There are 2 protein chains.
Amino acid sequence: MEVTESRNIEDVTAPMGGPPVETDTRRRIVHAASTLLQRQGYESASVKLIAGAAKASPSSVYHFFPGGKQELAIEAMRYGAQEFSDLLTAGLSSSPDPAQATAACALLLADTLKESDWADGCPIAVTALETIGRVPGLQQAATEALVHWQELVTAKLESSGIAPAAARSLAGTVIGMLEGAELLSRVSGDDTPLREAAVHLAQLVRATPQV
Amino acid sequence: MEVTESRNIEDVTAPMGGPPVETDTRRRIVHAASTLLQRQGYESASVKLIAGAAKASPSSVYHFFPGGKQELAIEAMRYGAQEFSDLLTAGLSSSPDPAQATAACALLLADTLKESDWADGCPIAVTALETIGRVPGLQQAATEALVHWQELVTAKLESSGIAPAAARSLAGTVIGMLEGAELLSRVSGDDTPLREAAVHLAQLVRATPQV
DNA sequence: TATAGTCTGGATCGAACGTTCCAACCAGAA
DNA sequence: TTCTGGTTGGAACGTTCGATCCAGACTATA
């Protein structure tokens, strides 16, 4: 309560305008929470487990996140969403051709997932699905992330001459395809679905008329 | 295990056509478990909650499923997977044109989801994602369901002249697209992603060469 | 050094978890 | 009736959950 406020006022060294305050422990907690949420979801990623993974104690978690597990999860989802945005941006900017660029996103996701033993993929899918209609804060954070990712893809498609409406629609399908193919790949432990999704996404984008 | 088999053998009097069996407790438990697993996942669908939804008591759950929650979840996933197979079969057989047929699956899914307040969709996605690498029985049941659904789509595509390899690959993308678009639709509470997925799936199938 | 405020380790709370246990129930056979 | 075996309701087990508390360890300023 007052703890958070006074800390915000006095911590002049922290980055202005950014979200709360940046401590090493705090950052480790958010990072561990993000990883564990995407690995096993909201319910089975316990506060003690997260704290342990962050080499912190449960009291530190509640010190930095007075709102408890839900507040931590929301920030962890935002953190993970930003990381995923970076992955999308990297993929999208890897080629001027929008078809190759979207395919690159799928391939990049496949590589990242496989290299991390199917851990580092979409950071919000499990948590979001799990808490639909039951933890509004999480569902809203997930929706915002999905919208943002779709906007990234939309911008790329528009920039290569695809009409705005078609670009937005196609971008939704691209994000959906990535999410679905990732699900198949993670469950089956095989990156084939993501690699074939890359091919089909490229076909789909290539077939969309450019103005 | 033996419990299930012996019951199936002896239970010749109950289910067939006669007067309404007052309590088929076991079936109600499986049905309730299937619904709750797809609504909120494995961890937060507690045994007591499932039993309550099935108008049964926890001891009944452990009577019919000595293997506990995991054994129940596996059977509930198989049950739900069969229901989803029926939905896919209905969609696929709605048109001789494979493009229209796959699109129909997405639209059928969109309708089913929306009418049920985003509850009755893919019965395994949440549970499968949540337990990857931690509950092998569930992961395997999920993989089997996904493979079976992919085979249903593959058969439809092959039957309309698409080469086997291309059909299999495309079918994987179809299932992935359905899963991903459902995720977007459920999280955002909007059936637009599924409806646009229908359009793009039809485009994709139509663009695949037939022999 | 002393002081004040920030952070942390560990014990602890009540609630809920999966599971077990047992007495009661209910049908059909003797 | 009595017996028997499958079924049920409810209490209770130990564990773990999210969350709280507090004494002490930090860190920075004086």
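For clarity, every value in this text was computed on a predicted model and none was experimentally measured.
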Can you name the ring pair (Phe, Tyr, Trp, His ring centres under 6.0 Å) partners of [X], sequence neighbours left out?
| X | value |
| --- | --- |
| F84(B) | W149(B) |
| F65(A) | none |
| Y79(A) | H31(A) |

Original post:
By a strict heavy-atom criterion of less than 4.0 Å, which residues belonging to residues 51-61 of chain A are in contact with DNA chain C?
Top reply: A56(A), S57(A), S59(A), S60(A)
Round to the nearest Å and state the distance from [X] atom [atom1] to [N] atom [atom2].
| X | N | atom1 | atom2 | answer |
| --- | --- | --- | --- | --- |
| L49(A) | dC17(C) | CG | P | 19 Å |
| Y42(A) | dC17(D) | OH | P | 14 Å |
| F64(A) | dG9(C) | CZ | P | 11 Å |
| Q40(B) | dC17(C) | CD | C1' | 14 Å |
| K69(A) | dT16(D) | NZ | P | 15 Å |
| K48(B) | dT15(D) | NZ | P | 17 Å |
| Q70(A) | dC17(D) | CD | P | 19 Å |
| I29(A) | dC7(C) | CD1 | P | 11 Å |

Original post:
For dT19(C), does either OP1 or OP2 sit under 4.0 Å from a side-chain N or O belonging to Y62(B)?
Top reply: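 Yes, such a contact exists.
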**OP:** Respond yes when some side-chain nitrogen or oxygen of T25(A) is under 4.0 Å from OP1 or OP2 of dT8(C), and no when none is.
**Re:**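 Checking dT8(C) against T25(A), a side-chain N or O does come within under 4.0 Å of OP1 or OP2.
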Expected list for residues 52-59 of chain B: side-chain donor-acceptor pairs under 3.5 angstrom, two or more places apart:
residue: S57(B); atom: OG; partner: S59(B); partner atom: N; Å: 3.2
residue: S57(B); atom: OG; partner: S59(B); partner atom: OG; Å: 2.6

Subject >> E43(A)/K69(A) ion pair, N-O < 4.0 Å >> reply: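 Not counted as a salt bridge, because no side-chain N and carboxylate O are separated by less than 4.0 Å.
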Original post:
Using 4.0 Å as the upper bound for N to carboxylate O, is an ion pair formed by D111(A) and R195(A)?
Top reply: yes
Subject >> Candidates dG18(D), dT8(D), dC7(C) - which lies nearest the side chain of T23(A) >> reply: dC7(C)
**OP:** Just compare dT7(D), dT12(C), dT19(C) and give me whichever is closest to any side-chain atom of H63(B).
**Re:**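 Nearest listed nucleotide: dT7(D).
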Donor-acceptor contacts under 3.5 Å from residues 133-142 of chain A side chains, at least two apart:
residue: R134(A); atom: NH1; partner: Q40(B); partner atom: OE1; Å: 3.4
residue: R134(A); atom: NH2; partner: E130(A); partner atom: O; Å: 2.4
residue: R134(A); atom: NH2; partner: S44(B); partner atom: OG; Å: 3.2
residue: Q139(A); atom: OE1; partner: G133(A); partner atom: N; Å: 2.8
residue: Q139(A); atom: NE2; partner: V187(B); partner atom: O; Å: 2.9
residue: Q140(A); atom: NE2; partner: E144(A); partner atom: OE2; Å: 3.1

